[in-house]
Structure formats: structure tokens, C-alpha cells
Trainee: 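The structure follows.
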Amino acid sequence: MRNVKAAIHLFAFAAMACAGTVRAGPAGERLYGGDVLRCASDDEQTVHCPADTRGGVRLIRRTSGKPCVEGTSWGADRGGVWVSQGCSADFVFGKGGSGADSTRGTRVIKCESRGGRWSHCPAKTDAGVALAQQLSKQPCLRNQSWGADASGVWVSGGCRGEFRLLGVEAQPEPVAAPSTVLRCESLDRRARRCDSETGAGVRMVKQLSRSECIEGRSWGYDAHGVWVENGCRAEFELDFKRGGG
């Protein structure tokens with residue numbers, strides 16, 4: 001009889017565990033009707049949030065205390081957005097910005113030994129390699145748990161880190177022409193229009209309010225100016241040429 005009860009308890013525990021597994025959803029949270037994706041790196045881990053990045057990705061709001069630096073603690077690939085090092089942020093898609101396989105910050109690469117296995121990351125190592133930041137609890141020791149050869153960087157023993165490729169410069173950002181910045185504020189959550197020449201387009205460069213400023217919902221623009229509502233207060237860059245055009 002005692003064995004029968006133990007078997008029943010074991011079956012119930014297994015059923016609860018399976019139910020918990022079924023409830024677990026994919027990384028990332030869709031906000032504002034699916035227009036915005038929130039992707040969060042908890043405990044410094046790298047998290048990948050599936051999304052369609054073909055139209056470009058733009059970070060519109062950082063929600064963590066840790067910095068979000070493109071190419072270092074966040075980026076985009078063909079399957080979605082990744083975040084690491086405690087970066088948590090909201091992203092909007094299809095409105096320009098970084099395309100799939102973002103290459104900003106390419107002089108620093110991430111290489112990870114998952115499950116203690118040896119892993120090789122292709123890179124240009126002619127001028128040498130240095131450990132820029134250790135991401136794992138397991139130590140990253142040169143010539144023990146990481147090293148470099150003629151074709152890239154290797155890691156093992158659970159080492160996960162970011163490695164600086166010496167002598168390889170990151171792609172410089174294009175120098176933009178001086179832009180005009182307009183401040184437009186929705187006071188007491190009332191809608192307001194700020195007349196201006198919008199030219200090729202407009203982008204928000206700095207949110208000033210606690211209320212969310214989401215393009216198409218709490219702010220937008222037309223040929224005659226910028227509009228805000230629902231408490232959005234922000235600064236906007238005018239004549240912003242989307243897609244680098």
C-alpha cells in the first residue's frame with residue numbers, strides 16, 4: 001500500500017512538472033497590440049527574442065538599469081533580437097534602424113562555451129586578441145579555457161566572454177548633417193500639434209515624460225508637423241531620412 005501511494009505522488013509531481021513546461025512561453029513580450037517587443041536579459045544571460053527583423057529594428061526605450069549598447073549588449077539577426085549583460089529594452093520593427101545581422105561594434109566578438117564544450121568563433125585575429133569582458137561564472141584563462149588561432153577565437157570549460165580583436169576597427173558611423181530638434185509636449189494628457197517642417201521624416205530622440213511615447217499611438221507626424229497625446233513629452237529630430245536615404 002505504501003508503494004502504491006508513493007507511485008501516485010510521483011505521478012502527480014511529474015504531471016505538475018510537465019504542466020509547468022507547457023506553460024513556459026517564448027522569450028520576449030509583445031506590447032501595444034504587438035507593435036513593440038520587450039526583450040530582457042535577466043541575471044546577465046543572453047536572451048534571444050524571436051521577431052521579424054527584415055524591415056529593421058530600433059531600440060525605443062531602455063527599461064533596465066544596465067546599459068544597452070548595440071553590438072555589445074543587444075543586436076539583431078535574421079530570427080529576432082538578442083540582449084545580454086542585463087540589458088532590457090523595448091524594440092520597434094519595420095521603421096528603419098539596424099537590419100538583420102547588425103555589424104556595429106564588430107571589433108568585439110562574443111564567444112561562448114555552452115555545457116563546457118569546446119567552441120570556435122571565426123574572426124580576424126592577425127593583430128592579436130584580448131579578453132574584453134568575462135560573461136561566465138567559470139574563469140576565462142588564456143591558453144587554458146580560451147585562446148586564438150589563425151582563423152578565430154576558441155573557448156572551452158564553460159568560458160563565455162567578449163573578445164576584442166586588436167587592430168580591427170569598428171565600422172565608423174556616418175557623419176550626419178546638423179539636424180533640427182523640436183520639443184513637443186502633451187500636457188495633462190491632452191493632444192497637441194507642433195507645427196514644423198518635417199521634410200523626409202521625423203524620429204524621437206529623447207523621451208521627457210514618464211508616459212510612453214510610442215510612434216503611431218502617442219505621437220506621430222504629417223507634412224505639417226508633429227502631434228503628441230496621452231502625456232507624451234519628447235524631443236524629435238526633423239527631416240530624418242529613414243533607411244539611410
Trainee: Is there a donor-acceptor pair closer than 3.5 Å between any side-chain N or O of Q134 and the backbone N or O of S136?
Mentor: yes

Trainee: For the pair R61 and E212, find out whether any cationic side-chain nitrogen is under 4.0 Å from an anionic carboxylate oxygen.
Mentor: yes

Trainee: Going by distance alone, is a donor N or O of one side chain under 3.5 Å from an acceptor N or O of the other, for S88 and K66?
Mentor: no

Trainee: Which atom names give the shortest non-hydrogen contact between F93 and D52, and what distance separates them?
Mentor: CD2-O, 3.6 Å

Trainee: Do the non-hydrogen side-chain atoms of L238 and Y221 ever get within less than 4.5 Å of each other?
Mentor: no

Trainee: Between C213 and S218, which heavy-atom pair has the shortest distance, and what is it?
Mentor: CA-OG, 3.2 Å

Trainee: Within the distance-only criterion (no hydrogens, no angle test), does the side chain of S209 pair as donor or acceptor with the backbone N or O of S211 below 3.5 angstrom?
Mentor: yes

Trainee: Does NE2 in H120 sit with more than 12 non-hydrogen atoms of other residues, nucleotides or ligands closer than 6.0 Å?
Mentor: yes

Trainee: Can you name the closest pair of heavy atoms from C87 and W74 and give their distance?
Mentor: SG-CB, 4.3 Å

Trainee: If hydrophobic clusters are built from ILVMFWY residues whose side chains come within less than 4.5 Å, do F91 and W82 share one?
Mentor: no

Trainee: Within the 4.5 Å heavy-atom criterion, are T46 and K110 side-chain neighbours or not?
Mentor: yes

Trainee: Whether the side chain of R160 engages the backbone of S113 through a donor-acceptor N/O pair (distance < 3.5 Å, no angle test) should be reported.
Mentor: no

Trainee: Checking side-chain polar atoms at under 3.5 Å, does E235 have a donor or acceptor matched by the opposite partner on Q207?
Mentor: no

Trainee: For residues C194 and L182, report the shortest heavy-atom separation together with the two atoms involved.
Mentor: CB-CD2, 3.9 Å

Trainee: Quick one: pull up CG in L135 and SG in C159 and give me the separation to the nearest 0.5 Å.
Mentor: 8.5 Å

Trainee: With distance as the sole test, does S186 use its side chain to make a donor-acceptor pair with the main-chain N or O of R190 at under 3.5 Å?
Mentor: yes

Trainee: Please name the pair of heavy atoms, one in A89 and one in R62, separated by the smallest distance, quoted to 0.1 Å.
Mentor: CB-CA, 4.0 Å

Trainee: Hey, any chance L131 and V153 share a hydrophobic cluster, counting ILVMFWY side chains that come within less than 4.5 Å of each other, even indirectly?
Mentor: yes

Trainee: With a 3.5 Å distance limit and no angle check, can you tell me whether R189 reaches the backbone of N230 through a side-chain donor-acceptor pair?
Mentor: yes

Trainee: Output yes when R30 and D90 qualify as a salt bridge under the 4.0 Å nitrogen-oxygen rule, no when they do not.
Mentor: no

Trainee: Check for a donor-acceptor pair, side chain of R192 on one end and backbone N or O of V228 on the other, with a separation under 3.5 Å.
Mentor: no

Trainee: When you look at I60 and I214, which way does the side-chain contact (heavy atoms from CB on, under 4.5 Å) test go after all the steps?
Mentor: CA-CA 8 Å; I60 58 172; I214 303 297; 3.8 Å; yes

Trainee: Below 4.5 Å, heavy atoms only, C-beta onward: do D222 and R193 meet side chain to side chain?
Mentor: yes

Trainee: Is there a side-chain contact between C184 and F236 (heavy atoms, below 4.5 Å)?
Mentor: yes

Trainee: Please give me the minimum heavy-atom distance between S41 and Q85, naming the atom from each residue.
Mentor: OG-N, 3.5 Å

Trainee: For the pair S119 (side chain) and W154 (backbone), establish whether a donor and an acceptor sit closer than 3.5 Å, ignoring hydrogens and angles.
Mentor: no

Trainee: Side-chain contact, heavy-atom cut-off 4.5 Å: V202 with W219?
Mentor: yes

Trainee: Could you tell me whether E215 and R58 make a salt bridge, using a distance below 4.0 angstrom between a side-chain N and a carboxylate O?
Mentor: yes

Trainee: Do S73 side-chain atoms and S84 backbone N/O form a donor-acceptor pair below 3.5 Å?
Mentor: no

Trainee: Go through it in stages, so that I can follow the logic: the residues are K206 and E237, the test is salt bridge (Lys or Arg N to Asp or Glu O under 4.0 Å), and I'd like the CA-CA distance, side-chain angles, deciding distance and then a yes or no.
Mentor: CA-CA 9 Å; K206 185 178 183 181; E237 179 186 349; over 6 Å; no

